[in-house]
Amino acid sequence: MSNRVVHIITHDVPWPADFGGVMDQFYKIKTLHQQGVKIHLHCFVKNRPPQQELNKYCETVHYYPRKKIKAVSLLLPYIVRSRLSEQLVQNLKKDNHPVLMEGVHCTYYLYKGFLKNRLSLLRLHNTEFEYYHQLAVHEKNPLKKLYFKAESWLLKRYEKKIAHKTAIGSLSLHDAANYRQLGASNVFHLPAFIPYTQPMGLAGSGCYCLYHGNLSVNENEEAAIWLLQNVFNQLPIPFVIAGKAPSQRMEYLAHQHEHTCLVANPSDKELHDMIAKAHINILPSFNSTGVKLKLLNALYNGRYCLVNTAGVAGTGLDKLCRVAEDAEGFKTIINELFNTSFDVAENDKRKTLLQQYHHNDTNFKKIEAVFWSDE
């Protein structure tokens, strides 16, 4: 075990673990470290600074600035093209240890054949071309909409070219199926690595419903606005929206009704408290790719969860949530649940199912089988 070494390439700096994509990365790093694996971490940097915390878990930590690119490419998606580094290549050449790539973003050297004779694993966060297609659908700015459409088109071509080149650990069963259609032969379900161990929903009743998410992502903003305009416009139950970087439009719409409000940029502790104290965490999604880690947060730390099918597709979590598809369905279930006290026996039900999918040590064994199966 002490001789196990891995390179991990992350699309961003994975600390603080304050949004879904980096939460999975950080707790994966922490789990590998706890299992005795030596880690050489390679982080692409844009707005998040280097973090001393990562040195606790890694032998070395390297940072590479993302490239500023103005010209449009007809060959490579921007999320890939902006993450190229000759220094990264030189660091990888120093040995022949396995390479774990966090997201399609970090796969350029796989695409170019540099990892051809080397053990590698792609951690698939989303079917990215589907994700960017949905971003385009919900984008109001014409230039951004055009960018998302172009990126989706480039990503579909690119993802098809890399699908057969490496082992792939997919966050969701839905994305695993997508990649098999793209030609992947070695793809398996690798659920998220998370900080939670026991469901902790509080007995009794909360006094509001909550939607939370990164509001700078247009899909999340549109989901919150949809709830405001189609569900809580006529449903006089207190409704709170919480998240990062809300737009002025979001600020305005959230305060149009006396029973709705917005909490902008809550701290991790504040958000945890809001999730725990809410009676219903309401998390519809307009995108069925990946796994919504905010839903896992709500299931481990909150009371009732209400979603739509897209929010739980390919996750196995639908058994722990109430599911509705349209505004009337959401209103009906909210009225029912808001008058129903939460029973902590629900935590036992959640524990049984969640630990089938989201147990860090079990997930580690899946990575172990890819990199060190011959030991």
Side-chain angles (χ1 to χ4, degrees), residues 5-30 32-33 39-73 75-95 97-115 118 120-129 131-132 135 147-148 151 154-155 158-159 161-162 165-166 168-169 171 192-193 214 216-217 244-245 290 293:
V5 185
V6 66
H7 291 273
I8 301 179
I9 308 171
T10 63
H11 75 295
D12 209 332
V13 179
W15 182 262
D18 55 358
F19 66 92
V22 296
M23 180 190 294
D24 173 58
Q25 293 174 37
F26 176 75
Y27 288 100
K28 189 183 302 105
I29 289 167
K30 190 171 182 179
L32 288 168
H33 171 75
I39 300 167
H40 296 291
L41 181 62
H42 307 269
C43 309
F44 283 97
V45 180
K46 188 175 181 182
N47 297 320
R48 291 163 67 89
Q51 297 286 341
Q52 286 294 317
E53 180 72 14
L54 298 171
N55 296 330
K56 296 179 183 178
Y57 310 103
C58 303
E59 297 294 302
T60 62
V61 183
H62 306 274
Y63 299 94
Y64 312 97
R66 282 185 62 185
K67 294 182 178 295
K68 296 180 180 179
I69 298 172
K70 296 181 180 179
V72 175
S73 169
L75 298 175
L76 289 176
Y78 175 80
I79 64 170
V80 176
R81 202 161 49 111
S82 62
R83 291 178 173 88
L84 309 184
S85 170
E86 183 59 32
Q87 187 59 52
L88 170 60
V89 175
Q90 295 307 314
N91 286 331
L92 292 177
K93 282 182 176 179
K94 292 176 181 178
D95 54 59
H97 298 308
V99 179
L100 169 58
M101 297 159 283
E102 288 287 354
V104 170
H105 317 59
C106 302
T107 57
Y108 177 76
Y109 298 105
L110 172 74
Y111 166 74
K112 294 299 289 184
F114 178 76
L115 304 178
R118 193 164 179 168
S120 64
L121 172 63
L122 166 59
R123 156 43 115 214
L124 189 66
H125 299 162
N126 293 296
T127 304
E128 295 292 347
F129 74 84
Y131 177 68
Y132 274 82
L135 290 179
Y147 162 70
F148 290 140
E151 192 77 347
L154 288 168
L155 279 162
Y158 182 84
E159 289 182 80
K161 290 176 180 177
I162 65 170
K165 290 179 179 286
T166 185
I168 297 171
L171 265 175
F193 287 75
N214 182 350
S216 69
V217 176
K244 290 184 177 181
L293 294 186

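In this text, all values refer to a predicted model and were calculated from it rather than measured experimentally.
Side-chain polar atoms of Thr60 and His62 form a donor-acceptor pair below 3.5 angstrom.
Remark: aromatic rings of Tyr108 and Phe114 are distant, center separation not under 6.0 Å.
To the nearest 0.5 angstrom, Glu128 atom CD is 9.0 Å from Leu135 atom CG. Between the NZ atom in Lys30 and the SG atom in Cys58 there is a gap of 12.5 Å [rounded to 0.5 Å]. With rounding to the nearest 0.5 Å, the separation of CG in Leu122 from SG in Cys106 is 9.0 Å. The CE atom of Met101 sits 11.5 Å away from the CD1 atom of Ile8 when rounded to the nearest 0.5 Å. Distance CG/Leu92 to CG/Leu115: 7.0 Å, rounded to 0.5 Å.
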Trace of the side chain to side chain donor-acceptor pair (under 3.5 Å) decision for His42 with His7: CA-CA 7 Å; His42 307 269; His7 291 273; 2.9 Å; yes

Chi angles and distances behind the side-chain contact (heavy atoms from CB on, under 4.5 Å) call for Leu293, Asp24: CA-CA 8 Å; Leu293 294 186; Asp24 173 58; 4.3 Å; yes

Which is it for Tyr78 and Tyr147 under the side-chain contact (heavy atoms from CB on, under 4.5 Å) test, yes or no, and what are the steps along the way? CA-CA 9 Å; Tyr78 175 80; Tyr147 162 70; 3.5 Å; yes

Please determine whether side-chain contact (heavy atoms from CB on, under 4.5 Å) holds for the pair Leu110 and Ser120, giving the CA-CA distance in whole Å, both sets of side-chain angles, and the decisive distance to 0.1 Å. CA-CA 9 Å; Leu110 172 74; Ser120 64; 4.2 Å; yes

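Atom CD of Gln52 sits in a sparse spot, with 12 or fewer heavy atoms from other residues, nucleotides or ligands closer than 6.0 Å.
In summary, Arg66 and Asp12 do not engage in a salt bridge, as defined by a charged side-chain N under 4.0 Å from a carboxylate O.
Of all heavy-atom pairs between Glu86 and Tyr109, the closest is N-OH, 4.2 Å. Nearest heavy-atom pair, Arg48 versus Val13, reported as atom, atom and distance to 0.1 Å: NE-O, 2.9 Å.
Put simply, the side chain of Ile29 reaches to within 4.5 Å of the side chain of Leu41, judged on heavy atoms. Residues Phe44 and Ser85 are in side-chain contact: their nearest non-hydrogen atoms beyond the backbone lie under 4.5 Å apart.
The backbone N or O of Gly103 sits nowhere less than 3.5 Å from a side-chain atom of Arg123 that would complete a donor-acceptor pair.
Between Tyr57 and Phe26, the ring planes lie perpendicular to each other; the angle is over 60°, past the 30° to 60° tilted range.
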